[in-house]
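Hydrogens, waters and symmetry mates play no part in the numbers below; they use all other heavy atoms, side chains included. Not measured: the values here are computed from a predicted model. Just so you know, residue 1 is the first one in the sequence shown, and it goes up from there.
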Amino acid sequence: MNHQNLPHPQGVGIAVQDLKKRLGPNQALDGVTLNFQAGLMHGLIGPEGAGKTTLLRTLLQLLKPNSGTILYEDEGKATPFTDLRPSIAYMPQQQSLYADLSIGEHLEFFKELYSIPEAEYQQKSEELLKITRLDKFIDRPAGNLSGGMYKKLGLMCSLLRSPRVLLLDEPTNGVDPISRREFWDLLYRLADQKILIIIATAYLDEAERCAQVHLIESGRTLAEGEPRELLKLEGVPNFDALFIARSKRKEGPHATHT
């Protein structure tokens with residue numbers, strides 16, 4: 001899977017320029033500039049309080065920035081957000097599923113919510129149940145699922161209407177290592193479909209799983225690019241060392257971010 005060498009944009013891309021956002025007394029985003037190239041899996045990497053959730057919600061226009069610009073492109077052409085909104089799926093960090101509804105009932109609920117035609121729904125739901133390996137648990141209530149299975153159900157509900165952009169806020173946080181690996185296997189399948197995926201995570205070891213990574217801290221951009229190239233440029237063996245090296249170059253204290 002070598003999407004970073006695509007000669008032309010395919011699908012939806014997002015460019016963020018000097019984005020600033022205050023949340024109460026905190027400068028949550030402090031001049032973030034990032035480029036999310038179409039058709040790739042992007043890792044938005046940073047510790048708790050780096051501004052990851054604020055950035056995702058701003059990209060969705062759930063929050064309005066105080067300054068800066070967000071440019072949305074479709075096949076390389078500037079496109080209004082309103083035209084793309086139906087094609088964007090968002091999986092928040094705190095998934096709001098219904099504990100008493102089964103896996104199957106959740107899928108039926110989102111079918112009605114998204115007004116998905118029956119034939120399309122049957123094909124998509126069967127496909128998602130198979131690749132998540134949740135087909136044997138279709139009658140199990142969400143409240144009785146393991147952490148990993150719960151995350152998979154949330155992802156299925158997000159994917160049911162075949163989005164072109166997928167924003168994931170720390171989807172592997174708090175799940176066991178096996179479930180993390182299985183979740184990433186699902187994301188690789190999606191990346192092969194040239195969906196723009198932006199996955200926010202505090203796990204530095206997940207940076208190397210992405211085609212492009214974007215390191216942020218205290219609402220500011222530390223680095224972005226292809227993982228191996230960034231490590232080579234800095235002359236470090238892993239992203240723990242890279243993050244430390246780039247963080248030390250920052251000047252002046254910064255407020256806590258969300």
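- Glu226 places a side-chain N or O within donor-acceptor distance of the main-chain N or O of Arg228, the cut-off being under 3.5 Å.
- Annotation for Leu59 and Ile70: closest pair CD2-CG2, 4.0 Å, computed over non-hydrogen atoms.
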| task | Please test Arg164 against Ile195 for side chain to side chain contact (heavy atoms under 4.5 Å, CB included), starting from the C-alpha separation and ending with a verdict. | result | CA-CA 5 Å; Arg164 302 174 65 205; Ile195 298 173; 5.7 Å; no

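- Looking at every heavy atom in both residues, Ile131 comes nearest to Arg189 through CG2-NH1, 3.2 Å.
- Counting heavy atoms from C-beta outward, Pro141 and Asp100 have side chains that stay 4.5 Å or more apart.
- Looking only at side-chain heavy atoms (C-beta outward), Thr132 and Leu186 come within less than 4.5 Å of each other.
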| request: Any chance you could lay out the side chain to side chain contact (heavy atoms under 4.5 Å, CB included) test for Leu84 and Val165, step after step, and finish with the verdict? | output: CA-CA 9 Å; Leu84 294 174; Val165 180; over 6 Å; no

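- Note that CZ of Phe243 is 9.0 Å distant from CD1 of Ile45, once rounded to the nearest 0.5 Å.
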| message | Test side chain to side chain contact (heavy atoms under 4.5 Å, CB included) on Thr172 and Trp184; report intermediate values, then the result. | response | CA-CA 9 Å; Thr172 58; Trp184 274 99; 4.0 Å; yes

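- Placement of Leu134 and Phe183 within a single hydrophobic cluster is found when ILVMFWY residues are connected by side-chain heavy-atom separations under 4.5 Å, directly or transitively.
- Every residue two or more places apart in sequence or in another chain that forms a side chain to side chain contact (heavy atoms under 4.5 Å, CB included) with Ala200 is listed here: Leu44, Lys52, Leu56, Asp169.
- The two residues Asp30 and Ser218 come nearest to each other via the heavy atoms CB-O, 4.2 Å.
- Side-chain polar atoms of Thr201 and Glu170 form no donor-acceptor pair below 3.5 angstrom.
- Partner of Leu168 under the side chain to side chain contact (heavy atoms under 4.5 Å, CB included) criterion, chosen from Met91, Lys151, Gln93: Met91.
- Put simply, the side chain of Val32 does not reach to within 4.5 Å of the side chain of Arg220, judged on heavy atoms.
- No donor-acceptor pair closer than 3.5 Å links the side chain of Tyr72 to the backbone N or O of Thr82.
- Nearest heavy-atom pair across Gly51 and Ile216 is C-CD1, 3.9 Å.
- Residues Ile138 and Phe110 are members of one and the same hydrophobic cluster, defined by side-chain heavy-atom contacts under 4.5 angstrom among Ile, Leu, Val, Met, Phe, Trp and Tyr.
- Of the possible polar contacts, none joining the His42 side chain to the Ala211 backbone as a donor-acceptor pair under 3.5 Å is found.
- The backbone N or O of Leu242 sits nowhere less than 3.5 Å from a side-chain atom of Glu234 that would complete a donor-acceptor pair.
- Remark: Asn66 pairs with no residue by the side chain to side chain donor-acceptor pair (under 3.5 Å) rule, at least two apart or across chains.
- A distance of 9.5 Å separates SG in Cys157 from CD1 in Ile103, rounded to the nearest 0.5 Å.
- Partners of Ile116 according to the side chain to side chain contact (heavy atoms under 4.5 Å, CB included) rule, which considers only residues two or more places apart in sequence or in another chain, are Lys111, Tyr114, Glu120, Tyr121, Leu160, Arg161.
- No side-chain donor-acceptor contact under 3.5 Å links Gln123 and Glu127.
- With hydrogens and angles disregarded, no donor-acceptor distance shorter than 3.5 Å links the side chain of His214 to the backbone of Ala223.
- By the 4.5 Å heavy-atom criterion applied to side chains, Phe81 and Ile88 are counted as neighbours.
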| said: Please evaluate residues Phe239 and Glu206 with respect to the criterion side chain to side chain contact (heavy atoms under 4.5 Å, CB included), reporting the C-alpha separation (whole Å), side-chain torsions for both, the decisive distance (0.1 Å), and the verdict. | reply: CA-CA 9 Å; Phe239 274 87; Glu206 293 185 336; over 6 Å; no

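- Between the side chains of Thr79 and Glu73, no donor N or O sits under 3.5 Å from an acceptor N or O.
- For Ser162, the side chain to side chain donor-acceptor pair (under 3.5 Å) partners are Lys124, not counting sequence neighbours.
- No donor-acceptor pair closer than 3.5 Å links the side chain of Arg57 to the backbone N or O of Leu63.
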What pairs of donor and acceptor atoms, side-chain ones from residues 14-23 against any protein atom, are under 3.5 angstrom apart with sequence neighbours left out?
unit_1: Lys21; atom_1: NZ; unit_2: Lys64; atom_2: O; d: 2.9
unit_1: Arg22; atom_1: NH1; unit_2: Gln27; atom_2: OE1; d: 3.0
unit_1: Arg22; atom_1: NH2; unit_2: Pro25; atom_2: O; d: 2.7

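- Atom CG of Asn35 sits about 9.5 Å away from atom CG of Leu71, to the nearest 0.5 Å.
- Leu215 is not connected to Leu233 by any chain of hydrophobic side-chain contacts under 4.5 Å among Ile, Leu, Val, Met, Phe, Trp and Tyr, and they are in different clusters.
- Leu145 is not connected to Val175 by any chain of hydrophobic side-chain contacts under 4.5 Å among Ile, Leu, Val, Met, Phe, Trp and Tyr, and they are in different clusters.
- The two residues Ala207 and Pro227 come nearest to each other via the heavy atoms O-CG, 3.6 Å.
- The backbone N or O of Ala241 sits less than 3.5 Å from a side-chain atom of Asn238, completing a donor-acceptor pair.
- Remark: Arg180 is positioned above the aromatic ring of Tyr203, its terminal NZ or CZ atom under 6.0 angstrom from the ring centre and at most 45 degrees off the axis.
- Here the side chains of Tyr90 and Ser158 are not in contact, with every heavy-atom distance at 4.5 Å or above.
- Interatomic distance, NE2 of His106 versus CG of Leu113, reported as 11.5 Å (0.5 Å rounding).
- The two residues Ser102 and Glu105 come nearest to each other via the heavy atoms N-OE1, 2.8 Å.
- In this structure, CD in Glu126 is found 11.0 Å from CG in Leu107, a value given to the nearest 0.5 Å.
- Note that CG of Leu166 and CD1 of Ile198 are 9.5 Å apart. Values are rounded to the nearest 0.5 Å.
- At a threshold of 4.5 Å between non-hydrogen side-chain atoms, the residues Val213 and Cys210 count as touching.
- Hydrophobic clustering (ILVMFWY, side-chain heavy atoms < 4.5 Å, transitive): Tyr150 and Phe137 are in one cluster.
- Pairs engaging residues 128-140 under the salt bridge (charged side-chain N to carboxylate O under 4.0 Å, His left out) rule: Arg133-Glu182 [sequence neighbours left out].
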